[in-house]
Amino acid sequence: MLKEERQRVILNEVALHNRVLLTDIAESLDVSIDTVRRDVKELDAGRKLKKVHGGAISLGFTSEHMPNTDVYALDEKTKIAEKAIKLLKDGAVIFIDGGTTCLELARVVPEELKLTCFTLSLQVAFQLLAKPNVEVIFIGGKISGEAQIAIGTHTIHQLSEIKVDYSFIGTGYVDSLYGLTEFDWEIVQLKKAVIKAARKTVVLCISEKLNSQHRYKTCDINEINTMITELDPKNNLLNLFRNHDIRLL
């Protein structure tokens with residue numbers, strides 16, 4: 001495979017999942033990790049992604065100064081966010097996760113809607129602070145420089161002490177059989193705590209992530225109350241999820 005082709009694959013994976021591991025890319029492309037590392041270094045120098053230890057992350061995922069037009073599949077994520085807003089009523093207490101789709105949800109919260117919103121994402125918190133009727137409660141802890149979210153045991157402990165009406169979460173991978181999965185064990189522990197802290201959990205997921213899986217399991221698909229994609233709920237791509245106790249929007 002030519003370098004240009006490899007780099008297109010890397011950029012697509014980073015855009016879709018926000019963060020990737022060098023080992024995963026090397027395995028999928030059947031090349032050495034050193035080859036992938038050189039590609040990522042070159043893409044980083046060209047400001048097409050950000051190189052981090054062991055992998056790469058999307059620029060749109062990491063910088064609050066990055067215009068949202070640089071977010072991958074922005075139209076689809078906006079459509080998902082607009083569907084999610086319809087679940088909310090005045091006075092709701094919610095949680096919004098980190099990630100680009102959840103950030104889009106925070107952006108489209110109507111000015112007049114009165115909410116109490118917990119979040120562990122710095123980007124989401126800053127976005128919500130512009131909403132006059134939203135009380136923002138940041139769940140603190142050690143801040144991940146890559147994802148700009150609070151992580152660690154202190155964050156998980158704080159999540160154990162709240163109960164929200166809805167948790168809106170993102171996921172790296174979702175499958176009707178294997179449920180929600182990630183490649184980062186620490187992120188999985190956070191998401192497990194978020195799900196426990198919610199009466200209802202809503203996963204926001206673009207359709208490109210459907211029928212994919214990774215190493216560590218966040219939860220079974222039946223532990224999610226609602227899954228929102230940009231698709232019409234009757235779309236055939238969602239057929240495998242209809243056999244489960246999950247609402248599709």
Side-chain angles (χ1 to χ4, degrees), residues 17-19 21 52 54-55 57 61-62 80-81 84 87-88 92-106 109 115-129 134-205 209 212-228 244-247:
H17 297 294
N18 292 320
R19 181 182 171 198
L21 296 175
V52 297
I57 51 180
F61 181 57
T62 60
I80 290 169
L87 296 174
L88 300 180
V93 179
I94 67 172
F95 172 91
I96 299 181
D97 197 6
T100 49
T101 309
C102 288
L103 184 59
E104 190 61 18
L105 171 60
V109 168
L115 297 172
T116 298
C117 183
F118 290 85
T119 187
L120 46 70
S121 165
L122 290 174
Q123 292 178 310
V124 168
F126 282 128
Q127 188 68 246
L128 290 174
L129 285 173
V134 178
E135 180 182 7
V136 183
I137 302 174
F138 186 75
I139 299 173
K142 176 184 176 183
I143 301 295
S144 165
E146 295 178 8
Q148 297 182 6
I149 61 172
I151 58 175
T153 55
H154 184 66
T155 306
I156 291 173
H157 175 70
Q158 289 186 72
L159 286 166
S160 73
E161 295 186 328
I162 65 173
K163 182 65 74 172
V164 298
D165 300 317
Y166 286 98
S167 281
F168 295 92
I169 67 171
T171 186
Y173 307 83
V174 60
D175 183 84
S176 60
L177 180 61
Y178 294 98
L180 275 59
T181 54
E182 306 284 348
F183 66 74
D184 189 315
W185 177 252
E186 191 166 32
I187 294 300
V188 164
Q189 304 317 305
L190 280 176
K191 291 187 186 293
K192 286 179 180 290
V194 169
I195 291 169
K196 288 181 181 178
R199 291 186 173 89
K200 295 182 178 180
T201 298
V202 182
V203 63
L204 310 179
C205 177
K209 294 183 179 181
S212 64
Q213 59 177 291
H214 217 288
R215 291 181 181 85
Y216 305 123
K217 187 169 184 174
T218 301
C219 67
D220 289 325
I221 199 68
N222 289 334
E223 293 180 59
I224 301 300
N225 176 264
T226 302
M227 183 171 72
I228 304 179
H244 299 274
D245 185 22
I246 184 172
R247 181 185 183 191

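Please read all numbers here as calculations on a predicted model, not as lab measurements.
- Considering only residues two or more places apart in sequence or on other chains, Asn222 meets the side chain to side chain contact (heavy atoms under 4.5 Å, CB included) condition with His244, Asp245.
- Within the 4.5 Å cutoff, side-chain heavy atoms of Val93 are placed close to those of Phe118.
- Across all non-hydrogen atoms, the minimal contact from Ile151 to Ser144 is CD1-CB, 4.0 Å.
- The shortest side-chain heavy-atom distance between Leu180 and Cys219 falls under the 4.5 Å cut-off.
- The shortest side-chain heavy-atom distance between Leu115 and Val109 falls under the 4.5 Å cut-off.
- Across all non-hydrogen atoms, the minimal contact from Thr218 to Lys191 is CG2-CB, 3.6 Å.
- In this structure, the ring pair (Phe, Tyr, Trp, His ring centres under 6.0 Å) partners of Tyr173, at least two apart in sequence or on a different chain, are His17, His214.
- Thr181 and Gln213 make their closest contact through OG1-CA, 3.3 Å (heavy atoms, listed as atom of the first residue, atom of the second, distance).
- Inter-residue side-chain proximity for Ile224 and Val174 is flagged as unmet; no heavy-atom pair is nearer than 4.5 Å.
- Distance alone, capped at 3.5 Å, places no donor-acceptor pair between the Lys142 side chain and the Thr155 backbone.
- The salt bridge (Lys or Arg N to Asp or Glu O under 4.0 Å) test applied to Lys217 returns Asp220, not counting sequence neighbours.
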Donor-acceptor contacts under 3.5 Å from residues 193-200 side chains, at least two apart:
residue, atom, partner, partner atom, Å
Arg199, NH1, Asp165, OD1, 3.4

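- Every residue meeting the side chain to side chain contact (heavy atoms under 4.5 Å, CB included) condition with Cys117, not counting sequence neighbours, appears here in chain and number order: Ile94, Ile96, Leu128, Val134.
- At least one side-chain heavy atom of Leu88 sits under 4.5 Å from a side-chain heavy atom of Phe168.
- Applying the salt bridge (Lys or Arg N to Asp or Glu O under 4.0 Å) test to residues at least two apart or on different chains, none of the pairs has a partner in residues 167-176.
- Taking Gln127 as the reference, nothing meets the side-chain hydrogen bond (donor to acceptor under 3.5 Å, both in side chains) condition, with sequence neighbours excluded.
- Among residues two or more places apart in sequence or in another chain, the side-chain hydrogen bond (donor to acceptor under 3.5 Å, both in side chains) test is passed with Arg215 by Asp24.
- Inter-residue side-chain proximity for Ile149 and Leu190 is flagged as met; some heavy-atom pair is nearer than 4.5 Å.
- Every residue two or more places apart in sequence or in another chain was checked for a side-chain hydrogen bond (donor to acceptor under 3.5 Å, both in side chains) with Thr119, and none qualifies.
- Among all heavy-atom pairs drawn from Leu105 and Ala84, the shortest one is CD1-CB, 3.9 Å.
- Taking CD from Glu182 and CZ from Arg19, the interatomic distance works out to 10.0 Å, rounded to the nearest 0.5 Å.
- Of all non-hydrogen atoms in Cys102 and Asp97, the two that sit nearest each other are CB-O, 3.1 Å.
- Remark: Leu204 CG to Lys209 NZ distance equals 10.0 Å, nearest 0.5 Å.
- Within the model, atoms CD1 of Ile162 and OG of Ser167 stand 7.0 Å from one another, a figure rounded to the nearest 0.5 Å.
- The CD atom of Gln189 sits 9.5 Å away from atom CG of Asp184, with the distance rounded to the nearest 0.5 Å.
- Annotation: side chain to side chain contact (heavy atoms under 4.5 Å, CB included) contacts of His154 (sequence neighbours excluded): Gln158.
- Side chains of Ser121 and Leu103 form no contact here, defined as non-hydrogen atoms less than 4.5 Å apart.
- For Ile143, the side chain to side chain contact (heavy atoms under 4.5 Å, CB included) partners at least two apart in sequence or on another chain are Leu122, Phe138, Ala150.
- The shortest distance between side-chain heavy atoms of Thr171 and Ile169 does not fall below 4.5 Å.
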